[in-house]
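Report on one structure; see the data block that follows.
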Amino acid sequence: MSPIRKIACYLMVTLLLNCAVQGELIWIDELMEEQMFCGQSPGSEFERYRDTVELVWTELQWFPVPLSDINEKATVAFENSWMAERNYGGKRNHEGTDLMAAVDQSGYYPVVSMTDGMVEQVGWLEKGGWRVGIRSENGNYYYYAHLASYVKEWNPGDTVLAGDVLGYMGDTGYGPEGTTGQFPVHLHLGIYVPLGADQELAVNPYWMLKYLENKKLTYSY
């Protein structure tokens with residue numbers, strides 16, 4: 001491919017990416033207006049939301065699934081499934097990104113914290129299986145779900161540093177405690193930002209994961 005054609009392709013991809021991001025911002029703006037309380041200004045609230053999302057970017061340090069230095073096939077893949085339809089427990093939208101395991105083996109891949117923070121939620125959820133939720137100092141919430149197990153017994157209030165192993169990727173959830181095998185091994189990642197009055201708003205982790213693709217730790221597994 002000629003240099004000019006390469007540049008043209010790069011510009012086209014950049015334009016499509018910008019269009020996708022702008023489309024999500026329009027959707028978020030509309031959602032924010034729906035969730036406003038009486039007397040609040042949608043403009044000022046959106047600015048506050050924008051500033052909060054910018055803080056998410058400053059917190060991100062590591063991709064949540066490390067590279068393997070002994071198995072080149074131990075990769076993960078993800079795509080932009082934001083707001084895709086899900087049906088378990090009734091129709092709903094997918095508020096996150098799924099990182100799918102090339103090695104479909106529960107408990108094989110370590111999962112690390114992308115940020116510093118504190119354990120806020122840990123244990124079983126019907127839809128999320130074994131999960132752990134990390135709250136950052138800025139109030140943002142990082143949700144890691146469908147784990148096979150934890151690296152240790154986490155308790156609410158425990159300090160977590162970016163890069164610390166939280167547990168191991170699995171296929172838990174979609175049923176009572178201990179349910180496995182309802183879907184392929186993967187990590188569901190959710191990111192939520194504070195919206196005021198004890199509310200939170202999910203943001204699309206896909207773009208954050210694309211940013212972190214070149215920021216991976218290496219583990220022996």
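The aromatic ring centres of W82 and Y206 sit 6.0 Å or more apart.
Hydrophobic clustering, with ILVMFWY side chains joined whenever heavy atoms are under 4.5 angstrom apart, keeps L189 apart from Y174. Follow the hydrophobic side-chain contacts under 4.5 Å out from V112 and you reach V122 in the same cluster. Following chains of ILVMFWY side-chain contacts shorter than 4.5 Å, one cannot reach M169 starting from F183, and the two form parts of different hydrophobic clusters. Under the 4.5 Å side-chain heavy-atom criterion for Ile, Leu, Val, Met, Phe, Trp and Tyr, Y192 and L166 are members of distinct hydrophobic clusters. Follow the hydrophobic side-chain contacts under 4.5 Å out from W154 and you reach W130 in the same cluster.
Counting heavy-atom neighbours within 6.0 Å of E72 CD, excluding the residue itself, gives a total of 12 or less. Shown here is E153, whose CD atom has no more than 12 heavy atoms of other residues, nucleotides or ligands within 6.0 Å. Shown here is N214, whose CG atom has no more than 12 heavy atoms of other residues, nucleotides or ligands within 6.0 Å.
Between Y221 and Y108, the ring-plane angle classifies as perpendicular under the 30° and 60° cut-offs.
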Evaluate the side chain to side chain contact (heavy atoms under 4.5 Å, CB included) criterion for residues T172 and W124: first the C-alpha distance (whole Å), next the side-chain angles of each, then the deciding distance (0.1 Å), finally the verdict.
-> CA-CA 9 Å; T172 60; W124 183 266; 3.8 Å; yes

Hey, mind stepping through E59 and Y142 against side-chain hydrogen bond (donor to acceptor under 3.5 Å, both in side chains) and telling me if it holds?
-> CA-CA 11 Å; E59 295 172 349; Y142 299 85; 2.4 Å; yes

Decide side chain to side chain contact (heavy atoms under 4.5 Å, CB included) for K215 and Q61; before the verdict, give the C-alpha distance in whole Å, the side-chain angles of both, and the deciding distance to 0.1 Å.
-> CA-CA 7 Å; K215 299 177 182 293; Q61 296 188 48; over 6 Å; no

Given side chain to side chain contact (heavy atoms under 4.5 Å, CB included), test Y143 with L125 step by step and report yes or no.
-> CA-CA 12 Å; Y143 172 69; L125 284 179; 3.8 Å; yes

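Looking at heavy atoms from C-beta onward, Y144 lies in side-chain contact with I134 at the 4.5 angstrom threshold. Residues E95 and M83 are in side-chain contact: their nearest non-hydrogen atoms beyond the backbone lie under 4.5 Å apart. At a threshold of 4.5 Å between non-hydrogen side-chain atoms, the residues K127 and R86 do not count as touching. T52 has its side chain within reach of N140: a pair of non-hydrogen atoms, C-beta onward, lies under 4.5 Å apart. Using a 4.5 Å cut-off on side-chain heavy atoms (C-beta onward), D116 and T159 make no contact.
Donor-acceptor pairing under 3.5 Å is recorded for the side chains of D69 and S220. A donor atom on one side chain and an acceptor atom on the other are found under 3.5 Å apart for Y88 and E126.
One finds a salt bridge joining R135 and E200 here, because a Lys/Arg side-chain nitrogen approaches an Asp/Glu carboxylate oxygen to under 4.0 Å.
Considering all non-hydrogen atoms of both residues, P64 and L99 come closest at CG-CD2, 4.1 Å. Residues H188 and H186 approach most closely at N-CD2, 3.9 Å, considering heavy atoms. The two atoms that bring A145 and G128 nearest to each other are CB-O, 3.5 Å, heavy atoms only.
Here the CG atom belonging to D98 is positioned 6.0 Å from the NE2 atom belonging to H146, to the nearest 0.5 angstrom.
Paired with L212 under the rule side chain to side chain contact (heavy atoms under 4.5 Å, CB included), one option of F63, W207, W62 passes, and it is F63.
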